[in-house]
J.: 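What follows is a single structure, and I will ask about it in a moment.
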Amino acid sequence: MLLLRRIHLYAALLMGPWVLMYAVSTFVMNHRELFRGAPAQAVPVLEREFKWAGDFPPDALPRDKGRMLLQSLDLEGAFTVREEKDGALVVQRQSAVEPRRIRYDPATRMVRIERTPFRTSQFLERMHRRRGWQHGFATDNAWALSVDVFIAAMIFWAVSGIWLWWEMKSLRGWGLAAAAAGAALFALFLAVG
Amino acid sequence: MSKSTKKLGMNWRTLNRRVHVYLALFLLPWFLLYGVSSFPFAHPSIGDAAYNDGRPMWTLRLERAYDVPVPPGDGPEALRPLGQRILTDLGLKGSFGTYREGAEQVNVYIYTFWKSTQVKYYPVRKVIRVEDRRFRLDHFFTGMHARGGFEQDDPWSDAWAVVVDLVCLGLVGWVLSGLLMWWEIPSARRAGWLAIASSLVAFAGLIWRL
């Protein structure tokens with residue numbers, strides 16, 4: 001019982017920043033209207049524009065080109081890429097703090113980097129949605145692992161919390177009432193759809 | 001410490017513990033929902049593989065002639081009345097969103113916990129098409145997870161959004177009340193500080209590098 005309490009406690013202390021991030025970001029997304037005003041959605045600003053001296057292998061796929069371009073700019077990390085009809089390569093560097101849009105025009109060899117200034121509400125929403133192992137970068141994989149740990153912690157807190165509550169006999173009555181009320185409300189929502 | 005101060009302190013600590021546990025028990029279904037439903041979000045390929053059985057994702061329910069004017073503008077405010085009109089005309093119910101899919105197509109996505117329907121309206125061809133999505137357990141959970149907001153003109157959607165707010169407050173409250181409870185255990189303070197410090201460093205470091 002003491003061990004269970006301690007694990008419940010230390011898991012919470014370890015995952016506290018994640019809990020707070022998900023809580024605050026959920027509130028932001030649940031009240032988008034509140035956060036749509038000033039400061040408005042961040043507009044990307046030009047960071048720099050220059051002629052790129054690099055080159056791509058002739059058979060390189062867009063994803064490979066994007067990776068090479070980001071490597072040369074020292075901006076490696078999670079990204080999406082698309083090739084436009086005019087052959088330009090557009091890379092969205094999915095940085096948590098300041099996402100960047102990098103556009104390479106092969107005709108002029110010009111690279112244009114636009115940075116999205118930091119906005120708290122947008123940052124929180126990005127962090128809330130950040131997950132998955134698809135990017136292949138060490139930091140992204142570490143974040144994905146932290147999300148998996150958080151999921152396991154959520155389940156553990158629920159199960160261990162129920163156990164810890166049940167051990168407190170004097171709380172069983174009101175606890176059952178609270179649990180029943182919550183379950184009934186949830187079931188009502190499910191029934192209504 | 002005086003008796004009354006001691007009693008106030010004890011009552012405050014007891015209140016803190018009681019709120020922590022009773023709020024958790026009340027919101028337990030949502031707590032478990034958000035925990036469990038985060039898994040298919042983090043590992044979508046598992047659901048995709050499980051439902052990769054050749055059955056189509058979308059099934060046509062109806063396609064017929066339909067002609068209503070499309071308002072100018074692309075924003076949700078501009079297109080929402082059109083979406084509502086389509087739902088009413090076709091007898092569809094649920095929370096919905098309306099958006100343009102190119103110059104000649106407007107989509108309305110209708111969601112309930114158990115069913116998702118998409119309506120494609122082609123104003124130039126004057127045709128409307130209604131498709132139902134097959135039920136997938138992973139999508140059932142992710143749909144519930146993503147539901148929220150007060151944009152729908154529907155009291156049940158608003159009520160759900162209120163509970164989402166309560167969960168947010170609960171999460172913050174559990175952290176704060178949990179910190180108070182931890183601090184009440186002197187023997188756990190050192191390890192607790194280590195846990196807090198390492199988590200803050202890891203969290204900040206990850207965000208900076210992402």
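Letters go in sequence order (proteins before strands), and every chain restarts at 1. Values below: all heavy atoms of this structure, side chains included; hydrogens, waters and symmetry mates excluded. Just so you know, these numbers come straight off a predicted model, no measurement behind them.
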J.: Which is it for B/I207 and A/F123 under the side-chain contact (heavy atoms from CB on, under 4.5 Å) test, yes or no, and what are the steps along the way?
T.: CA-CA 10 Å; B/I207 287 180; A/F123 162 73; 3.8 Å; yes
J.: Begin from the C-alpha positions of B/D165 and A/H31 and carry the test side-chain contact (heavy atoms from CB on, under 4.5 Å) through to its verdict.
T.: CA-CA 9 Å; B/D165 277 346; A/H31 294 273; 2.6 Å; yes
J.: So for A/L188, is it side chain, backbone, both, or neither that comes closer than 4.5 Å to the heavy atoms of chain B?
T.: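 When you check distances to chain B, only side chain atoms of A/L188 fall under 4.5 Å.
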J.: Check each atom of B/W114 against the heavy atoms of chain A and say whether the ones under 4.5 Å are side chain, backbone, both or neither.
T.: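 The side chain, not the backbone.
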J.: With a 4.5 Å cut-off on heavy-atom pairs, point out which of B/G178, B/A188, B/A24 contacts chain A the most.
T.: B/A188
J.: If I measure from the heavy atoms of chain B, does A/F150 come under 4.5 Å with its side chain, its backbone, both, or neither?
T.: neither
J.: Scan for side chain to side chain donor-acceptor pair (under 3.5 Å) pairs involving residues 139-155 of chain A, sequence neighbours excluded, and state none if there are none.
T.: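 For residues 139-155 of chain A: A/W18-A/S146, A/R130-A/D140, A/W133-A/D148, A/D148-B/H43.
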J.: Quick check on A/A142 against chain B: is it the side chain, the backbone, both or neither that has a heavy atom closer than 4.5 Å?
T.: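 Looking at A/A142, backbone and side chain both touch chain B.
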J.: Select, from B/F150, B/F39, B/W160, B/W193, the one with the greatest count of heavy-atom pairs under 4.5 Å involving chain A.
T.: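 Most heavy-atom pairs under 4.5 Å with chain A: B/W160.
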J.: Need one label for A/A12: side chain, backbone, both or neither, based on atoms under 4.5 Å from any heavy atom in chain B.
T.: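 For A/A12, there is no contact with chain B at all, as no heavy atom is under 4.5 Å.
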J.: Could you give the distance from CG (A/L13) to CG (B/L179), rounded to the nearest 0.5 Å?
T.: 6.0 Å
J.: Could you check whether any side-chain heavy atom of B/V164 comes within less than 4.5 Å of a side-chain heavy atom of A/M29, counting everything from C-beta outward?
T.: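 Not touching, per the 4.5 Å side-chain cut-off.
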J.: Main chain of B/G148, side chain of A/N30: is a donor-acceptor contact present, judged purely on distance under 3.5 Å?
T.: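 A pair under 3.5 Å: no.
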J.: Parallel under 30°, tilted from 30 to 60°, perpendicular over 60°: which one fits the rings of B/W156 and A/F189?
T.: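 Rings of B/W156 and A/F189: perpendicular, over 60°.
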J.: Can you give me the closest heavy-atom contact between A/M154 and B/G35, atom names plus distance?
T.: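 Nearest heavy atoms, A/M154 then B/G35: CE-N, 3.6 Å.
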J.: Are side-chain heavy atoms of B/F26 and A/L185 found at a separation under 4.5 Å?
T.: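 SC-SC contact between B/F26 and A/L185 confirmed.
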J.: Which atoms of B/V36 come close to chain A, meaning under 4.5 Å heavy atom to heavy atom: side chain ones, backbone ones, both, or neither?
T.: both
J.: CD1/A/I155 to OG/B/S38 distance, rounded to the nearest 0.5 angstrom?
T.: 8.5 Å
J.: Backbone N or O of B/G149 within a donor-acceptor pair of the A/R32 side chain at under 3.5 Å?
T.: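 Checking the backbone N and O of B/G149 against the side chain of A/R32, no donor-acceptor pair under 3.5 Å is found.
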J.: Which pair of heavy atoms, one from A/A23 and one from B/C168, lies closest together, and at what distance?
T.: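 Closest approach of A/A23 to B/C168, heavy atoms only: O-SG, 3.4 Å.
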J.: If you count heavy-atom pairs under 4.5 Å between each of B/Y111, B/W30, B/F41, B/W174 and chain A, which one has the most?
T.: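 That would be B/W30.
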J.: Could you tell me the separation between the CH2 atom of B/W182 and the CG atom of A/L9, rounded to the nearest 0.5 Å?
T.: 8.5 Å
J.: OH of B/Y22 to CG of A/L176: how many Å apart, nearest 0.5 Å?
T.: 10.0 Å
J.: As an exercise: rank B/A191, B/S95, B/A202 by heavy-atom pairs under 4.5 Å with chain A and give me the winner.
T.: B/A191
J.: At a heavy-atom separation under 4.5 Å, does B/L206 approach chain A through its side chain, its backbone, both, or neither?
T.: both
J.: Select one option (side chain, backbone, both, neither) describing which atoms of A/L14 are under 4.5 Å from chain B's heavy atoms.
T.: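 Contact with chain B involves both backbone and side-chain atoms of A/L14.
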J.: Pair B/R209, A/S95 - check side-chain contact (heavy atoms from CB on, under 4.5 Å), show working.
T.: CA-CA 8 Å; B/R209 292 290 304 162; A/S95 168; over 6 Å; no
J.: Does atom CH2 of B/W58 have more than 12 heavy-atom neighbours, drawn from other residues, nucleotides or ligands, at distances under 6.0 Å?
T.: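 Atom CH2 in B/W58 is packed in, count exceeds 12.
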J.: Looking at A/W165, A/Y22, A/W157, which makes the most heavy-atom pairs under 4.5 Å with chain B?
T.: A/W165
J.: So what's closer than 4.5 Å to chain A heavy atoms on B/V172: side chain, backbone, both or neither?
T.: both
J.: Return the option, out of A/G16, A/G77, A/A187, A/A181, with the maximum number of heavy-atom pairs under 4.5 Å with chain B.
T.: A/A181
J.: Measure the shortest side-chain to side-chain distance between B/M144 and A/F186 over non-hydrogen atoms and say whether it is less than 4.5 angstrom.
T.: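 The answer is yes; the side chains approach within 4.5 Å.
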J.: Counting only heavy atoms closer than 4.5 Å, note whether B/L23 contacts chain A via side chain, backbone, both or neither.
T.: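 The answer is neither part of B/L23.
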J.: Looking at A/L190, A/I162, A/V19, which makes the most heavy-atom pairs under 4.5 Å with chain B?
T.: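 Greatest number of close heavy-atom pairs with chain B: A/L190.
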J.: Of the non-hydrogen atoms in B/S187 and A/R6, which two are nearest, and what is the gap between them?
T.: OG-NH2, 3.7 Å
J.: Nearest 0.5 Å please: distance from the CZ atom of A/R5 over to the CD1 atom of B/I185.
T.: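 Reported value, rounded in 0.5 Å steps: 8.0 Å.
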J.: Might you work through the side-chain contact (heavy atoms from CB on, under 4.5 Å) test for B/L171 and A/T26, ending with a clear yes or no?
T.: CA-CA 10 Å; B/L171 286 168; A/T26 299; 5.8 Å; no
J.: Taking every heavy-atom pair that is under 4.5 Å apart, which of B/A159, B/A195, B/S45, B/G94 has the most such pairs with chain A?
T.: B/A195
J.: CD of A/E76: more than 12 outside heavy atoms within 6.0 angstrom?
T.: yes
J.: Taking all non-hydrogen atoms of both residues, which atom of A/G175 and which atom of B/L25 are closest, and how far apart?
T.: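 The pair with the smallest heavy-atom distance is CA-CD1, 3.5 Å.
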J.: Looking at B/W183, I'd like to know if its CH2 atom is crowded, meaning that more than 12 non-hydrogen atoms belonging to other residues, nucleotides or ligands lie closer than 6.0 Å.
T.: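 Yes.
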